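When a residue number appears, it is its place in the shown sequence, counting from 1. Remember, predicted model here, so these are calculated numbers, not experimental data.
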Amino acid sequence: MTVSDSTKVQDARKEVAEMNASARTADELMQGITLTLNRHMLKYNWVGFYMLEPGANPPMLVLGHYQGAMTPHTRIPLNQGICGAAASSGQTVVVDDVSKDPRYLACSLETKSEIVVPVFVRGAVAGELDIDSHFSAAFGPDDRSLVEYCARLVGERLEKSR
(Lines give C-alpha, C1' and ligand atoms only; values in the text may rest on other atoms or scores of the structure.)
Protein backbone atom coordinates (compact mmCIF):
# COMPACT_ATOMS: atom_id res chain seq x y z
CA MET A 1 0.00 0.00 0.00
CA THR A 2 1.38 3.38 -0.95
CA VAL A 3 1.52 6.34 1.40
CA SER A 4 -1.31 7.96 -0.53
CA ASP A 5 -3.48 4.81 -0.17
CA SER A 6 -2.78 4.75 3.57
CA THR A 7 -3.66 8.45 3.83
CA LYS A 8 -6.89 7.85 1.90
CA VAL A 9 -7.87 5.06 4.31
CA GLN A 10 -7.13 7.31 7.30
CA ASP A 11 -9.06 10.22 5.78
CA ALA A 12 -12.06 8.02 4.99
CA ARG A 13 -12.05 6.51 8.49
CA LYS A 14 -11.94 9.98 10.07
CA GLU A 15 -14.80 11.23 7.90
CA VAL A 16 -16.90 8.14 8.69
CA ALA A 17 -16.27 8.62 12.43
CA GLU A 18 -17.40 12.25 12.20
CA MET A 19 -20.44 11.22 10.19
CA ASN A 20 -21.31 8.57 12.78
CA ALA A 21 -21.31 11.26 15.47
CA SER A 22 -23.66 13.52 13.50
CA ALA A 23 -25.95 11.10 11.60
CA ARG A 24 -29.48 11.03 12.96
CA THR A 25 -30.30 7.50 11.76
CA ALA A 26 -28.64 4.28 10.62
CA ASP A 27 -30.09 4.92 7.18
CA GLU A 28 -28.40 8.33 7.01
CA LEU A 29 -25.14 6.76 8.19
CA MET A 30 -25.28 4.04 5.50
CA GLN A 31 -25.93 6.62 2.80
CA GLY A 32 -23.02 8.72 4.03
CA ILE A 33 -20.66 5.74 4.22
CA THR A 34 -21.36 4.75 0.61
CA LEU A 35 -20.71 8.31 -0.56
CA THR A 36 -17.56 8.70 1.54
CA LEU A 37 -15.96 5.39 0.57
CA ASN A 38 -16.77 5.90 -3.10
CA ARG A 39 -15.30 9.42 -3.04
CA HIS A 40 -12.14 8.77 -0.97
CA MET A 41 -11.21 5.30 -2.15
CA LEU A 42 -10.83 5.57 -5.91
CA LYS A 43 -10.33 1.83 -6.32
CA TYR A 44 -13.75 1.21 -4.70
CA ASN A 45 -15.85 1.27 -7.88
CA TRP A 46 -19.12 0.05 -6.34
CA VAL A 47 -20.04 0.46 -2.67
CA GLY A 48 -23.36 -0.67 -1.26
CA PHE A 49 -25.31 -2.10 1.63
CA TYR A 50 -27.50 -5.17 1.38
CA MET A 51 -29.81 -5.72 4.33
CA LEU A 52 -31.71 -8.86 5.30
CA GLU A 53 -35.39 -8.49 4.51
CA PRO A 54 -37.36 -8.96 7.75
CA GLY A 55 -39.52 -12.09 7.68
CA ALA A 56 -38.50 -13.16 4.17
CA ASN A 57 -38.66 -16.89 3.55
CA PRO A 58 -36.21 -17.87 2.21
CA PRO A 59 -33.92 -15.23 3.76
CA MET A 60 -33.15 -12.49 1.25
CA LEU A 61 -30.59 -9.70 1.04
CA VAL A 62 -32.09 -6.50 -0.38
CA LEU A 63 -30.05 -3.69 -1.90
CA GLY A 64 -30.10 -0.47 0.07
CA HIS A 65 -27.91 2.61 -0.33
CA TYR A 66 -25.16 2.29 -2.91
CA GLN A 67 -22.80 4.28 -5.11
CA GLY A 68 -21.72 3.02 -8.52
CA ALA A 69 -23.32 1.53 -11.58
CA MET A 70 -26.79 0.06 -11.42
CA THR A 71 -26.83 -3.64 -10.58
CA PRO A 72 -29.27 -6.36 -11.63
CA HIS A 73 -28.73 -7.94 -8.19
CA THR A 74 -31.18 -5.99 -6.04
CA ARG A 75 -32.26 -9.15 -4.16
CA ILE A 76 -29.85 -11.97 -3.33
CA PRO A 77 -30.82 -15.23 -1.59
CA LEU A 78 -28.46 -16.22 1.22
CA ASN A 79 -27.32 -19.29 -0.70
CA GLN A 80 -26.09 -17.29 -3.71
CA GLY A 81 -23.00 -15.31 -4.53
CA ILE A 82 -20.19 -13.89 -2.45
CA CYS A 83 -22.74 -11.69 -0.69
CA GLY A 84 -24.77 -14.73 0.28
CA ALA A 85 -21.61 -16.50 1.47
CA ALA A 86 -20.62 -13.61 3.74
CA ALA A 87 -24.11 -13.26 5.21
CA SER A 88 -24.50 -17.02 5.70
CA SER A 89 -21.10 -17.50 7.32
CA GLY A 90 -20.99 -14.25 9.29
CA GLN A 91 -17.42 -13.81 8.06
CA THR A 92 -15.72 -11.15 5.95
CA VAL A 93 -15.09 -12.49 2.45
CA VAL A 94 -12.28 -11.03 0.32
CA VAL A 95 -11.95 -12.25 -3.26
CA ASP A 96 -8.82 -11.09 -5.05
CA ASP A 97 -9.97 -12.39 -8.47
CA VAL A 98 -13.72 -12.83 -8.93
CA SER A 99 -13.18 -14.70 -12.22
CA LYS A 100 -11.69 -17.56 -10.19
CA ASP A 101 -14.50 -17.73 -7.59
CA PRO A 102 -17.50 -19.81 -8.68
CA ARG A 103 -19.72 -18.00 -6.14
CA TYR A 104 -19.35 -14.65 -7.90
CA LEU A 105 -22.61 -13.24 -9.34
CA ALA A 106 -21.43 -11.22 -12.31
CA CYS A 107 -22.64 -7.64 -12.09
CA SER A 108 -20.03 -5.98 -14.23
CA LEU A 109 -17.39 -7.32 -16.58
CA GLU A 110 -15.08 -4.64 -15.13
CA THR A 111 -15.20 -6.03 -11.57
CA LYS A 112 -11.98 -7.83 -10.67
CA SER A 113 -12.12 -8.10 -6.86
CA GLU A 114 -14.66 -7.84 -4.06
CA ILE A 115 -14.93 -7.53 -0.29
CA VAL A 116 -18.12 -8.25 1.65
CA VAL A 117 -18.36 -7.54 5.40
CA PRO A 118 -21.35 -8.62 7.50
CA VAL A 119 -23.25 -6.07 9.61
CA PHE A 120 -24.20 -7.52 13.00
CA VAL A 121 -27.08 -6.46 15.23
CA ARG A 122 -27.14 -8.11 18.65
CA GLY A 123 -24.81 -10.85 17.43
CA ALA A 124 -26.84 -11.77 14.35
CA VAL A 125 -26.16 -10.84 10.73
CA ALA A 126 -28.55 -8.05 9.70
CA GLY A 127 -26.92 -7.12 6.40
CA GLU A 128 -23.57 -6.40 4.82
CA LEU A 129 -21.34 -3.83 3.20
CA ASP A 130 -20.28 -4.93 -0.29
CA ILE A 131 -17.51 -3.29 -2.32
CA ASP A 132 -16.35 -4.12 -5.84
CA SER A 133 -13.16 -2.95 -7.54
CA HIS A 134 -12.02 -2.84 -11.14
CA PHE A 135 -8.55 -3.83 -9.84
CA SER A 136 -7.39 -7.33 -8.89
CA ALA A 137 -6.47 -7.85 -5.25
CA ALA A 138 -7.66 -4.34 -4.39
CA PHE A 139 -8.47 -5.02 -0.74
CA GLY A 140 -5.50 -5.29 1.61
CA PRO A 141 -5.47 -5.35 5.43
CA ASP A 142 -6.03 -1.58 5.75
CA ASP A 143 -9.02 -1.75 3.41
CA ARG A 144 -10.45 -4.69 5.33
CA SER A 145 -10.03 -2.81 8.62
CA LEU A 146 -11.77 0.27 7.18
CA VAL A 147 -14.72 -1.67 5.73
CA GLU A 148 -15.14 -3.73 8.92
CA TYR A 149 -15.08 -0.49 10.94
CA CYS A 150 -17.86 0.96 8.77
CA ALA A 151 -19.97 -2.20 9.08
CA ARG A 152 -19.48 -2.24 12.86
CA LEU A 153 -20.66 1.39 13.20
CA VAL A 154 -23.79 0.64 11.17
CA GLY A 155 -24.52 -2.42 13.33
CA GLU A 156 -24.12 -0.38 16.52
CA ARG A 157 -26.44 2.32 15.16
CA LEU A 158 -29.05 -0.28 14.13
CA GLU A 159 -28.92 -1.82 17.62
CA LYS A 160 -29.83 1.54 19.14
CA SER A 161 -32.78 2.00 16.80
CA ARG A 162 -34.36 -1.45 17.18
Side-chain angles (χ1 to χ4, degrees), residues 9 12 16 20 23 25-38 41 43-162:
V9 168
V16 167
N20 184 48
T25 65
D27 190 63
E28 187 178 313
L29 180 59
M30 285 186 278
Q31 181 178 21
I33 286 171
T34 62
L35 289 164
T36 298
L37 293 182
N38 187 253
M41 306 305 294
K43 64 184 177 181
Y44 294 10
N45 300 104
W46 193 94
V47 180
F49 283 93
Y50 284 93
M51 303 307 290
L52 278 171
E53 183 176 31
N57 192 11
M60 190 73 58
L61 292 162
V62 178
L63 181 60
H65 291 288
Y66 74 94
Q67 291 295 309
M70 290 178 54
T71 177
H73 303 290
T74 59
R75 299 174 61 78
I76 302 174
L78 284 192
N79 63 347
Q80 290 185 11
I82 296 166
C83 286
S88 296
S89 70
Q91 300 290 318
T92 296
V93 177
V94 178
V95 179
D96 289 335
D97 184 348
V98 296
S99 72
K100 291 184 166 77
D101 194 315
R103 302 172 296 181
Y104 179 64
L105 297 174
C107 299
S108 166
L109 295 174
E110 295 174 320
T111 298
K112 303 288 188 255
S113 60
E114 182 172 14
I115 183 171
V116 184
V117 177
V119 172
F120 292 94
V121 175
R122 294 183 185 85
V125 174
E128 61 197 21
L129 177 51
D130 177 23
I131 303 177
D132 295 350
S133 179
H134 295 172
F135 302 91
S136 296
F139 306 105
D142 286 350
D143 297 287
R144 181 178 178 144
S145 176
L146 172 63
V147 180
E148 288 177 343
Y149 172 72
C150 292
R152 185 172 61 253
L153 291 180
V154 169
E156 290 169 358
R157 182 60 65 98
L158 287 168
E159 281 185 9
K160 292 176 184 175
S161 67
R162 293 184 178 178

[X] versus [Y]: any side-chain heavy-atom pair under 4.5 Å?
X: L37; Y: L129; answer: yes
X: D130; Y: I82; answer: no
X: P118; Y: T92; answer: yes
X: V119; Y: F49; answer: yes
X: Q80; Y: H73; answer: no
X: I131; Y: M41; answer: no
X: E114; Y: C83; answer: yes
X: V16; Y: Y149; answer: yes

Could you tell me the separation between the [atom1] atom of [X] and the [atom2] atom of [Y], rounded to the nearest 0.5 Å?
X: E159; Y: R122; atom1: CD; atom2: CZ; value: 5.5 Å
X: I115; Y: D96; atom1: CD1; atom2: CG; value: 10.0 Å
X: T74; Y: L61; atom1: OG1; atom2: CG; value: 11.5 Å
X: E156; Y: R152; atom1: CD; atom2: CZ; value: 6.5 Å
X: T71; Y: W46; atom1: OG1; atom2: CH2; value: 6.0 Å

Check: Regarding Y44 and D143, is there a side-chain donor-to-acceptor distance under 3.5 Å anywhere?
Finding: yes

Can you name the closest pair of heavy atoms from [X] and [Y] and give their distance?
X: V116; Y: A86; answer: CG1-CB, 3.5 Å
X: M51; Y: E128; answer: SD-N, 4.4 Å
X: S133; Y: K43; answer: OG-O, 2.7 Å
X: F135; Y: A138; answer: O-CB, 3.5 Å
X: A26; Y: L158; answer: CB-CD2, 3.5 Å
X: E28; Y: A23; answer: OE2-CA, 3.4 Å

[X] side chain to [Y] backbone, donor-acceptor under 3.5 Å:
X: S136; Y: D97; value: no
X: R75; Y: M60; value: no
X: R144; Y: F139; value: no
X: T34; Y: Q31; value: yes

Next item on the list: Determine, step by step, whether V125 and F120 satisfy the side-chain contact (heavy atoms from CB on, under 4.5 Å) criterion, reporting the C-alpha distance in whole Å, the side-chain angles of both residues, the deciding distance to 0.1 Å, and the verdict.
Entry: CA-CA 4 Å; V125 174; F120 292 94; 3.5 Å; yes

Note to self: Name the residue from T36, N45, L35 that meets the side chain to side chain contact (heavy atoms under 4.5 Å, CB included) definition with Q67.
What the structure shows: L35

